[in-house]
Amino acid sequence: MNAQLAFVPLGTNDIDLARLDATWKAVEAISGEFVRRSYLASGITMATRGGATTVTYRGVAVAAMPARFSRRDLFRTLIDWLYAQGSRVFEVLASQWVPTLPLPAGHVLLVDAAAELSWVKSIRSNSVSVFVKPREGLPTGSVELNAEFRIFLDRPRAVLFMDCDIPSRQPWPGPPPPRSDLMAGRDRSIVSPTYGELAAELRRRYQSGLADLASLVAMTRTCS
């Protein structure tokens, strides 16, 4: 029996969320401060048949390995799979946000999948970020928005940060006014059943923040 048959068959666009969560936990269980802990104490069990080994974490299959392999081999296999799933998460985000995510004038959406995912392999980071930032060379006195969509790769959850700088038309008597947190008073943390639904909810809350930004700009200009 091929060990791959132990995994749940999925459609081409699906992400196996149970395996995703278990794989992240397995990585943490055998690395860092637990690098010398036994597999059994780490919640990892193995079954070898027909020259292939199915590795499970607390009952969930997380890797298919050859009959003989090292701990480093297993760690690398788990991390490589998580990296691949992170790429799929970016594909989900891009399909919903590029090129239709609304942006204030003079702003750009920064999606650098390669740079963000590099942290998965280098420090086992389980989150990536997508940003909305002002373009370089934005004229002085322009409204500036900074947003960060921080998406976690262990399960469909995220945190949204949005703040803005709205220059007044009148001289400000003293230090510059603080930036406005557009998420103040709102729950900036989001948990969804799937990454597609997470992307949609992030977009909805971001657009709500943009509406608040437009109101603040109108108020500032009225008072100036």
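As the structure is a computational prediction, the values presented were derived from the model and not from experiment. Along the sequence shown, residues are numbered consecutively beginning with 1.
- Between the CG atom of L138 and the NE2 atom of H107 there is a distance of 6.0 Å, given to the nearest 0.5 Å.
- For the residue pair K121 and I79, the shortest heavy atom distance occurs at CG-CG2, 3.8 Å.
- Without hydrogens or angle criteria, Y206 side chain to L160 main chain gives no donor-acceptor distance under 3.5 Å.
- No donor-acceptor pair under 3.5 Å is formed between the side chain of R205 and the backbone N or O of I190.
- A salt bridge between D181 and R188 is present, with a side-chain N of the basic residue lying under 4.0 Å from a carboxylate O of the acidic one.
- Taken from OG1 in T53 to CE in M65, the straight-line distance is 8.0 Å, to the nearest 0.5 Å.
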**OP:** Evaluate the side chain to side chain contact (heavy atoms under 4.5 Å, CB included) criterion for residues D163 and S180: first the C-alpha distance (whole Å), next the side-chain angles of each, then the deciding distance (0.1 Å), finally the verdict.
**Re:** CA-CA 5 Å; D163 65 75; S180 297; over 6 Å; no
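- The minimum heavy-atom distance between A18 and V60, with the atom names listed, is O-CG1, 3.9 Å.
- Applying side chain to side chain contact (heavy atoms under 4.5 Å, CB included) to P134 and the options N146, V143, L145 leaves one that passes, N146.
- Hydrophobic clustering of Ile, Leu, Val, Met, Phe, Trp and Tyr side chains at less than 4.5 Å, counting indirect connections, keeps V92 apart from V159.
- Checking side-chain atoms of R36 against main-chain N and O of I30 turns up no donor-acceptor pair under 3.5 Å.
- For D73 (side chain) and S70 (main-chain N/O), a donor-acceptor pair under 3.5 Å exists by modelled atom type.
- Using a distance-only test at 3.5 Å, with no hydrogens or angles considered, a donor-acceptor pair links the side chain of Q96 to the main chain of G196.
- Of all heavy-atom pairs between A147 and M162, the closest is CB-CG, 3.8 Å.
- Residues I15 and Q85 approach most closely at CG2-OE1, 4.0 Å, considering heavy atoms.
- Y57 is linked by a ring-ring contact (aromatic ring centres under 6.0 Å, His included) to nothing, counting only residues two or more places apart in sequence or in another chain.
- Separation of atoms CZ (F152) and CH2 (W24) is listed at 11.0 Å; rounding is to 0.5 Å.
- Y83 and L78 end up in the same hydrophobic cluster when Ile, Leu, Val, Met, Phe, Trp and Tyr side chains are linked at under 4.5 Å.
- A salt bridge links R204 to E201: at least one charged side-chain nitrogen sits closer than 4.0 Å to a carboxylate oxygen.
- Taken from OG1 in T48 to CZ in R68, the straight-line distance is 10.5 Å, to the nearest 0.5 Å.
- At a cut-off of 3.5 Å, with distance as the only test, a side-chain donor of R37 or S42 sits close to an acceptor on the other residue.
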Subject >> Audit row: R124, S31, side chain to side chain donor-acceptor pair (under 3.5 Å) steps and yes/no >> reply: CA-CA 9 Å; R124 311 191 309 276; S31 59; 3.3 Å; yes
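- Taken to the nearest 0.5 Å, the CD1 atom of I44 stands 6.0 Å off from the CG atom of L74.
- Side-chain contact between I151 and F149 is present, with heavy atoms from C-beta onward closer than 4.5 Å.
- Under the 4.5 Å side-chain criterion, counting only non-hydrogen atoms from C-beta, F131 is not in contact with L109.
- Counting all heavy atoms, side chain and backbone alike, R203 lies closest to P102 at NH2-CD, 3.9 Å.
- Between the R19 side chain and the V62 main chain, a donor and an acceptor come within less than 3.5 Å of each other.
- Seen from the ring of W81, R76 does not count as a face-on cation partner, given the 6.0 Å and 45° thresholds.
- In terms of heavy atoms, A199 sits closest to L93 at CB-CD2, 3.8 Å.
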Subject >> R186/S208 under side chain to side chain donor-acceptor pair (under 3.5 Å): CA gap, chis, key distance, verdict >> reply: CA-CA 11 Å; R186 300 179 183 176; S208 180; 3.2 Å; yes
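- Within a 6.0 Å radius of CG in L40, no more than 12 heavy atoms belonging to other residues, nucleotides or ligands are found.
- Under the 4.5 Å side-chain criterion, counting only non-hydrogen atoms from C-beta, F161 is not in contact with L182.
- A cation-pi arrangement, defined by a distance under 6.0 Å to the six-membered ring centre and an angle within 45 degrees of its axis, is absent between R72 and F75.
- Distance check, rounded to the nearest 0.5 Å: CZ of F69 to OG1 of T77 gives 8.5 Å.
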**OP:** Check step by step if side chain to side chain donor-acceptor pair (under 3.5 Å) holds for T45 and R58.
**Re:** CA-CA 8 Å; T45 55; R58 304 199 183 281; over 6 Å; no
